[in-house]
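Data first, discussion second: the structure below is written as structure tokens.
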Protein chains: 2
Amino acid sequence: MSHATHITAGSVVLAELRRAIATGELAPGQQLVQESLAERFGVSRVPLREALQVLEAEGQVVHQVHRGYFITELSLPDLIEVYRLRAVLEAEAARVAVPLLTDDDVEALAELAARIEDASEAGEVGAMIEANRAFHFTLIDAAAMPRLSRLVASLWDATDVYRSVYYGSATNRERVDHEHASIMAAIRNRNATTLIGELDAHREHAVAELASLVL
Amino acid sequence: MSHATHITAGSVVLAELRRAIATGELAPGQQLVQESLAERFGVSRVPLREALQVLEAEGQVVHQVHRGYFITELSLPDLIEVYRLRAVLEAEAARVAVPLLTDDDVEALAELAARIEDASEAGEVGAMIEANRAFHFTLIDAAAMPRLSRLVASLWDATDVYRSVYYGSATNRERVDHEHASIMAAIRNRNATTLIGELDAHREHAVAELASLVL
DNA sequence: GGTTCAAGGATTGTATCCAATCCTGAGTAG
DNA sequence: CTACTCAGGATTGGATACAATCCTTGAACC
């Protein structure tokens, strides 16, 4: 009741910051000067700091006392760690979710997969990223483990910087479409083991591609 | 570096709040009235809210816009989810850590296990809880996966409320000592599979005991 | 030339103050 | 008696103002 209804200045700033980080508008390593950002968003420093503290707890920014906030720089080992943790947690989610999937869930997943493909062919990177996230989190949320969903979400957020780069490539987009088809097949068969294998491969390709970019 | 040196009002309040939550001084479900708490800690509401926002990001408190912060109530499903996530993540940590363990690490772990036992026999619950946490996180940190350590730490924090209850019982303390002995044996043998099994059993006993208390 | 040190401004941390929202309870109508 | 309404106080969200810290810059000294 109070989630969508009450938009607070802090939540607006938080969303804006998230977007700016995801698009690379705020580059890794860059200092976030509070007064400039506050002015840019048209708020005071208080709600801005609110948002920054949330991002710090998620690992999106780092904080040094009396020095300020900086966008976290993701090293290659960091990237690998994030994807390894995702593998562990998303496998658990899949294991729990598969037996719980209703036909409606499968239907919704198929629809999202189609939407991803449309965006992919049209080259609409932003739309594809959004639909892709919805697709994967529909599956993860189906496990009905809210904390698990939150943990995985924060891991996704950590690599948001690179996502637009990854989907910028048409070959990557095409591969993703094929992988999603395999994932959907495993979901339709209610085969958790196969599904986990497909998800692992899906992630492996992404991390391999990203690793070559980070270097 | 900058952790111990720069004590900010917010960090002091955060530590105090953590302690108060862990000891049950602040009970689950209770509202946290900002002005009262600020006065109690001798700071203004600004750094207090800072601390509360951090705790919210960790799931220790929940927030409702214009209504305030409340200590999270952990339902039985929540408790089970936390322990299931710990199982998944700590297993991964053990898998990674075992091949990396130096003799010094094993030495340190043995020492901590001894310290736990001493505290256990003396009935010093606080000291036991602290040493126990150090013991388990020495192992987890040995995996050299900082994000993993942070995630697991936040899961531990989520059930801090119940830890003092659990260790309040002498039979529980005794069982924990035995389990730690088995865990140490697996560590000494560098046997990750056995270790994970022992850790799982260790956790299972705890969650079973806590479940009976929560009801 | 390189190093040390002290202003001064720039930036962050905190307190105080105001605005917006919520909660309570008395009163009223049905 | 119950349900509704609407002040008034209580509490939170946010802005402004002040204090503490840091970072630069330039001059003095070796």
Smallest separation among heavy atoms of B:Ala38 and B:Leu48, with atom names: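 Looking at all heavy atoms of both residues, the closest pair is N-CD2, 3.9 Å.
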Nearest whole Å is fine: how far is [N] [atom2] from [X] [atom1]?
X: A:Gln53; N: C:dT14; atom1: CD; atom2: P; result: 10 Å
X: B:Glu50; N: C:dG13; atom1: CD; atom2: P; result: 7 Å
X: A:Phe70; N: D:dC22; atom1: CZ; atom2: P; result: 13 Å
X: B:Leu48; N: D:dG13; atom1: CG; atom2: C1'; result: 14 Å
X: B:His63; N: D:dT11; atom1: NE2; atom2: C1'; result: 12 Å
X: B:Ile7; N: C:dT14; atom1: CD1; atom2: P; result: 11 Å
X: B:Leu37; N: D:dT11; atom1: CG; atom2: P; result: 12 Å
X: B:Arg45; N: D:dT12; atom1: CZ; atom2: P; result: 6 Å

query: Under 3.5 Å, is there a donor-acceptor pair linking the side chains of B:Thr102 and B:Asp105?
result: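 A donor-acceptor contact under 3.5 Å links the two side chains.
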Would you say a side-chain N or O of [X] is under 4.0 Å from OP1 or OP2 of [N]?
X: B:Gln64; N: C:dT21; result: no
X: A:Arg67; N: D:dC23; result: yes
X: A:Arg49; N: C:dG13; result: yes
X: B:His66; N: C:dC23; result: no

Which of the following nucleotides, [options], is nearest to the side chain of [X]?
X: B:Gln31; options: C:dT12, C:dT14, D:dT11; value: D:dT11
X: A:Val33; options: D:dG14, D:dA17, C:dT11; value: C:dT11
X: A:Pro47; options: D:dC22, D:dA15, C:dG13; value: D:dA15

- request: Give one of base, sugar-phosphate or nothing for B:Leu52, where a contact means two heavy atoms less than 4.0 Å apart.
  value: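 Result for B:Leu52 = nothing.
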message: Please check if the number of heavy atoms outside B:Gln30 that lie under 6.0 Å from its CD is greater than 12.
response: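 Result for CD/B:Gln30: enclosed.
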message: Does B:Arg147 have more than 12 heavy atoms from other residues, nucleotides or ligands lying within 6.0 Å of its CZ?
response: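 Counting neighbours around CZ of B:Arg147, more than 12 heavy atoms of other residues, nucleotides or ligands fall under 6.0 Å, so yes.
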task: Between B:Val46 and A:Glu35, just flag the one whose closest nucleotide in DNA chain C comes earlier from the 5' side.
output: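 Per heavy-atom nearest nucleotide, the more 5' residue is A:Glu35.
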message: Would A:Arg163 and A:Tyr166 count as a cation-pi pair here, with the cationic atom under 6.0 angstrom from the ring centre and within 45° of the axis?
response: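 No, A:Arg163 does not lie over the aromatic ring of A:Tyr166.
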